[in-house]
2 protein chains.
Amino acid sequence: MNKILLVEDDNEIIDNLIEFLSKEEFIVKNAKGQNAAIELVENETFDLVLLDVSLADGNGFAVCSAIKSKTCLPVIFLTASGDEFSTVTGFDLGADDYIAKPFRPRELISRIKNVLRLTGTTGSITQLGDVMVDTVKGTASKKGKDLFLSALEYRLLLVFINNRGAVMTRTKLLESIWDIAGDFVNDNTLTVYIKRLREKIEDDPQNPEIIKTVRGLGYKVDA
Amino acid sequence: MNKILLVEDDNEIIDNLIEFLSKEEFIVKNAKGQNAAIELVENETFDLVLLDVSLADGNGFAVCSAIKSKTCLPVIFLTASGDEFSTVTGFDLGADDYIAKPFRPRELISRIKNVLRLTGTTGSITQLGDVMVDTVKGTASKKGKDLFLSALEYRLLLVFINNRGAVMTRTKLLESIWDIAGDFVNDNTLTVYIKRLREKIEDDPQNPEIIKTVRGLGYKVDA
DNA sequence: TTGAATTATGATATAATGTTCATAATTAAT
DNA sequence: ATTAATTATGAACATTATATCATAATTCAA
């Protein structure tokens with residue numbers, strides 16, 4: 001159940017959106033003015049803000065700035081027309097998306113869900129076979145069981161996950177984890193880490209299925 | 001320098017976009033058909049895909065599915081008109097955004113940058129005062145200098161960052177980090193960790209400005 | 001098949017982490 | 001002011017992490 005703050009002063013739109021969004025399993029709370037919006041954001045927790053650009057007491061950009069400076073809430077602008085929203089300044093202010101009125105309700109839902117997914121409010125979990133990494137918590141698990149990865153093992157796993165499909169050279173991996181080209185850490189250190197990580201995440205560490213060796217080039221995980 | 005795969009078969013658009021995006025410091029590579037696109041994605045690394053919905057050899061949705069099943073690349077659809085893109089199926093397929101032709105170049109740039117920011121391909125960095133956390137790399141820094149956080153310290157910091165503005169009770173924190181309600185780890189363990197984390201991230205650990213004690217309730221960081 | 005290069009493994013010293021204890025400092029209420 | 005509760009600190013300890021060495025196994029090419 002995600003909770004949405006609707007900053008809007010047009011009663012018809014308010015009623016329509018509250019009715020529609022409630023059906024879609026969202027909890028909606030309305031603020032009609034800038035101050036009300038900012039106060040609500042300060043005193044309650046929301047998952048997303050729908051923000052009308054043109055409010056009776058001023059434009060929504062100021063509200064967006066205020067919200068973004070206080071929270072990490074995603075903001076979707078509602079605009080009277082596509083042109084009203086300057087994407088350049090809008091996105092610069094930290095807006096996550098915008099939608100022009102009149103919009104089809106289903107499009108609004110899609111955009112809301114999309115933004116929630118992208119901003120990770122619903123959790124940003126990445127999967128690699130049966131290994132799951134939760135970058136929000138900073139943890140990893142295999143088949144639902146917690147993996148106890150050290151800081152370096154975790155970072156090494158992240159590098160592979162964020163470069164799925166690509167062969168990672170030893171140099172690239174060393175740079176990613178140790179920030180240097182291999183002059184200061186022993187070249188074998190990486191090999192040892194690969195081994196240790198494999199021992200924790202692979203079903204059969206001797207025949208790795210996740211982190212594969214690409215002889216002469218480096219290592220890779222399939223996409 | 002982000003690398004973009006442009007899947008488009010109209011030569012005029014290709015030329016325009018390559019010229020414009022190159023000026024904006026993007027590296028652009030073009031694929032004219034479905035197979036070319038999928039092959040490129042498999043053999044090269046990109047940061048984002050711009051995907052025309054209507055290609056000569058079929059519609060772009062199939063390409064989107066193929067890309068998303070193989071990679072975690074963000075995809076922005078280019079559509080001839082707003083209606084052509086079904087936001088419902090489009091977003092369900094994993095599309096990250098879409099833009100209807102004709103679009104203003106600056107809007108395209110804004111949307112590209114926005115998606116890159118949201119999907120974290122440019123790094124999903126969260127800031128807490130002068131402390132930055134990069135959950136893509138699994139690292140943290142203060143004033144640009146690397147912090148060497150242990151696995152538990154890093155996770156504790158993430159809990160605070162993901163709950164900015166809220167008071168976190170000792171029980172909640174213990175549950176977040178140790179997955180238990182405090183029965184198995186000593187109650188003081190958390191206190192010691194708070195102290196150690198403060199020593200690494202606070203300017204003056206004796207007078208913490210980031211992680212504040214809320215006596216009787218727990219700890220909180222401001223939003 | 002042999003040899004050189006690459007990758008894997010096992011063992012080890014050192015440093016850091018994780019947990020607990022004992023004790024001090026702080027705060028709020030009586 | 002005294003007391004009780006809460007939070008902070010310092011130090012001790014067992015455990016784990018980290019980096020390196022030596023050595024083994026593997027692969028590829030001559």
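The chains referred to below are lettered A, B, ... by the order of the sequence lines, with proteins before strands, and numbering in each begins at 1.
- Atom CD of B:Glu19 has 12 or fewer heavy atoms from other residues, nucleotides or ligands within 6.0 Å.
- Within 6.0 Å of atom CG in B:Asp15, more than 12 heavy atoms from other residues, nucleotides or ligands are found, so the atom counts as buried in its surroundings.
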Checklist outcome for this item: In B/S/- notation (B base, S sugar-phosphate only, - none; protein heavy atoms under 4.0 Å), nucleotides 2-17 of chain D written 5' to 3' is ---BBSBBS-B----S
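- Distances shorter than 4.0 Å separate none of the side-chain N or O atoms of B:Thr189 from OP1 or OP2 on C:dT19.
- Note that the NZ atom of A:Lys29 and the CD1 atom of A:Ile4 stand 14.0 Å from one another [nearest 0.5 Å].
- Straight-line distance from the CG atom of A:Leu190 to the C1' atom of D:dT18: 14 Å, rounded to whole Å.
- At D:dA19, one or more side-chain N or O atoms of A:Trp178 fall inside 4.0 Å of OP1 or OP2 (strictly under the cut-off).
- One can place CG of B:Leu157 at 15 Å from P of C:dT17, the figure rounded to the nearest angstrom.
- Between B:Leu156 atom CG and C:dT17 atom C1' there is a gap of 14 Å when expressed in whole angstrom units.
- The salt bridge (charged side-chain N to carboxylate O under 4.0 Å, His left out) test applied to B:Asp57 returns no partner, not counting sequence neighbours.
- Under the ring-ring contact (aromatic ring centres under 6.0 Å, His included) criterion, the residue pairs touching residues 192-211 of chain B are B:Trp178-B:Tyr193, with sequence neighbours excluded.
- Counted by atom type alone, B:Thr213 and B:Arg198 present one or more donor-acceptor pairs between their side chains at under 3.5 Å.
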